[in-house]
Protein chains: 2
Amino acid sequence: MSDESQLGLDAEHPGDLHQHDDLLIEVARRYHFQEQSKIDIARDLGISRFKTARLLTEARDRGAVRITLHRPRERWTGLAMRLKQAYGLQHVVAVNMHGASMKQLRAGLGREGALLLQQYLTNEDVLGVGWGRTVKAIADQVSTLPKCNVVQLGGIAGDPGENSIELVRILSSHSGGRAFPLYAPLVVPNEDTAKSLKGSPEISSTLDRFRDVSVAVVAVGSWEPPNSQLRMFCTRDDRAAMTAAGVKAEICGVLLDEDGNEVETPLSPRILAMTSSQLRRVPTVIAVAGHTSKTEAIHAVLRGGFANMLVTDTQVARELLAMHERTATE
Amino acid sequence: MSDESQLGLDAEHPGDLHQHDDLLIEVARRYHFQEQSKIDIARDLGISRFKTARLLTEARDRGAVRITLHRPRERWTGLAMRLKQAYGLQHVVAVNMHGASMKQLRAGLGREGALLLQQYLTNEDVLGVGWGRTVKAIADQVSTLPKCNVVQLGGIAGDPGENSIELVRILSSHSGGRAFPLYAPLVVPNEDTAKSLKGSPEISSTLDRFRDVSVAVVAVGSWEPPNSQLRMFCTRDDRAAMTAAGVKAEICGVLLDEDGNEVETPLSPRILAMTSSQLRRVPTVIAVAGHTSKTEAIHAVLRGGFANMLVTDTQVARELLAMHERTATE
DNA sequence: CGCTAAGGTGCTCATATGAGCGACGAATCG
DNA sequence: CGATTCGTCGCTCATATGAGCACCTTAGCG
């Protein structure tokens, strides 16, 4: 019958297909995530409203837009809402993971984090990516992102297969944008090494991108119990010093005390990652962390104002609310 | 502030909440999967069109409806379409799993199968569930189904954790309907045992449901190479007899030759499962099977007309098309 | 008992959207 | 070269939909 059958892949002009698909994705994203009307989308993208409509039906038919139904277990909207108001956050997701294992918990946080990312990220954003297993869980569950660049926020940490470079690679492949990895360890042996690395072209080219990051996804590490990637780089003395200095939390390589103030430590100059002042300047910082062992750390991060969106579990959310009441009334 | 905070769970009248949520799900399903207009839904369910609209926004806000975007890799719609026409099927999904491991392949088939199920199943359906790891993969990826009953189509086979009863349990919990398990092995030692079991009340109550099954999800087993759950129940003589009889495929406990004709074997009377004539009477039979080792078996099943929907991978789809050309021109 | 506040309901009217149609351009074929 | 076919585009008009409002019920309270 038809002659294009051989490969099932229509060979059009080289770039055409991808241009078309990119437009498809963009339209679908605006319609479903940004809740723009088809007429608005048409005006914004300079196409007719009929074309928008046709692209949207094509998106559905080709499986680009997928809809799933979930039976909502609780009406915990209220919980997330209260937490949002208590800490003055922009958005909170509290996923009900009662009785789940750590692995399941991470998967749950990953799912929600991926969803949030897909909904908030736009074409013009630059995505900054932290590290850790929780962030990895997000990368694993992301399906498609708007076409934006992806910047690694800190040097390599963690096992191969879940290190920061891998995360940046995965996420940029999902977005179709450029990847800016950092080919250096998260913590280097001494300050001089850090300085010389920061000066080298392939490192600084990524560091220079930090100023453009508009959305950052980062994990939160607790210091006590040891739940931070940083801890493995410390000597015993370092650790003692830091515990003495009151370090309670870690976000993106920044160490915080229980009130969310940054703590200067001997480790600080040796860290290759976004600095606290840079992090503060990122418009949207999504902190993803769960399990009650991290409640204190998350509390510190939120008090310090280092994140404006939070993905966590309901258990932690409840504890955070209680903790906030306590500190507020003191 | 508010007094309902303690549990984050608003205590309404006992059943009200679930009734509300069920309605929510039903409306969302009709709107998103069945593409009914809000006005139609309102009329069908006897509510106002405003209420439908409000339920739909609530569904989104509470995360009951989730939308994900995927970058379509190929325009292989044509492949699925051609396969659909070649074998006269109602629906074909060919997922591109090039270079994937068996585990990944199964996960991919599971995802697509789950999606298909969620889209086709309605409130009035009765879901029949086969067995095997592929069907398990579907159950694992289903999130929510319309409220329908779930019937086990054959006795227990496979390891605990992926046996048929477990599947029925999982799926019915997702649908909220009743589960009809079969507490008996798939193959019993002899015909008499089979007969007496079929007569026992708790078995026959499920067997009686077979006539009501409107949608069946089943795997396809190949006989050569050994890819059927049945094979493990055979003696060496049985196997030889069956290979000699030209058995090439197995679907839902029914053994077929290469042309899709049922083959009577010594095993047949000992099997506790839906019969071939019952299977033929099911309006919608979704066969889920991938990997090229099963191509021949799938071909036989389709030729025999035992399934009208197919979920497979692109590689198998191509082989099936080629195989169909060959048998058609002979 | 009446008053008030809150949540839920269905209305009106302006607007967004879908179905179907003819126009246009590109590729194909005689 | 002209004719035909196919796919895409944007139009019209009937219809579906959303924003905002008025109404009703319910519950809380003096």
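Letters A, B, ... mirror the listed sequences (proteins, then strands); counts begin at 1.
- The 5' end of DNA chain C is approached more closely, in terms of each residue's nearest nucleotide, by B:Ile47 than by the other of B:Ile47 and A:Gln36.
- Partners of A:Arg111 according to the salt bridge (charged side-chain N to carboxylate O under 4.0 Å, His left out) rule, which considers only residues two or more places apart in sequence or in another chain, do not exist here.
- The CZ atom of A:Arg30 sits 9.5 Å away from atom CG of A:Asp40, with the distance rounded to the nearest 0.5 Å.
- A salt bridge between A:Glu58 and A:Arg54 is absent, with no side-chain N of the basic residue lying under 4.0 Å from a carboxylate O of the acidic one.
- Here A:Arg303 pairs with A:Asp259 under the salt bridge (charged side-chain N to carboxylate O under 4.0 Å, His left out) rule; sequence neighbours left out.
- By the side chain to side chain donor-acceptor pair (under 3.5 Å) test, B:His32 pairs with no residue at all, sequence neighbours left out.
- No donor-acceptor pair under 3.5 Å is formed between the side chain of A:Ser172 and the backbone N or O of A:Arg178.
- No side-chain heavy atom of A:Thr295 sits less than 4.5 Å from a side-chain heavy atom of A:Ile298.
- Closest to the side chain of B:Ile39, from the set C:dT9, D:dG10, D:dA16, is D:dA16.
- To the nearest angstrom, P of C:dA16 lies 16 Å from CD of A:Glu35.
- In this structure, B:Asp44 atom CG and D:dA16 atom C1' are separated by 16 Å, rounded to whole Å.
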Starting at the 5' end of DNA chain D, what dot-bracket string do you get if Watson-Crick and G-U pairs under 3.5 Å are bracketed, crossing pairs use [ ], other-strand pairs use | and unpaired bases use dots? ||||||||||||||||||||||||||||||
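- Dashed line: the shortest gap from a side-chain N or O of B:Ser48 to OP1 or OP2 of C:dG10 is under 4.0 Å.
- In this structure, the NZ atom of A:Lys51 is 14 Å from the P atom of D:dC11, given to the nearest Å.
- Looking at residues two or more places apart in sequence or on another chain, you find a side chain to side chain donor-acceptor pair (under 3.5 Å) between B:Thr122 and B:Asp125.
- Whole-Å rounding puts the A:Asp40 CG to C:dT17 P distance at 8 Å.
- Close to C:dA16, at under 4.0 Å from its OP1 or OP2, lies no side-chain N or O of A:Ser37.
- Taking 4.0 Å as the cut-off between side-chain N and carboxylate O, A:Arg66 and B:Glu112 count as a salt-bridged pair.
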Output a table of nitrogen or oxygen pairs between the protein and nucleotides 18-25 of chain C separated by less than 3.5 Å.
unit_1, atom_1, unit_2, atom_2, d
C:dG18, OP1, A:Lys38, NZ, 2.9
C:dG18, OP2, A:Lys38, NZ, 2.8
C:dG18, O6, A:Arg49, NH2, 2.9

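- Separating the CZ atom of A:Arg43 from the C1' atom of C:dT15 is a distance of 13 Å, rounded to the nearest angstrom.
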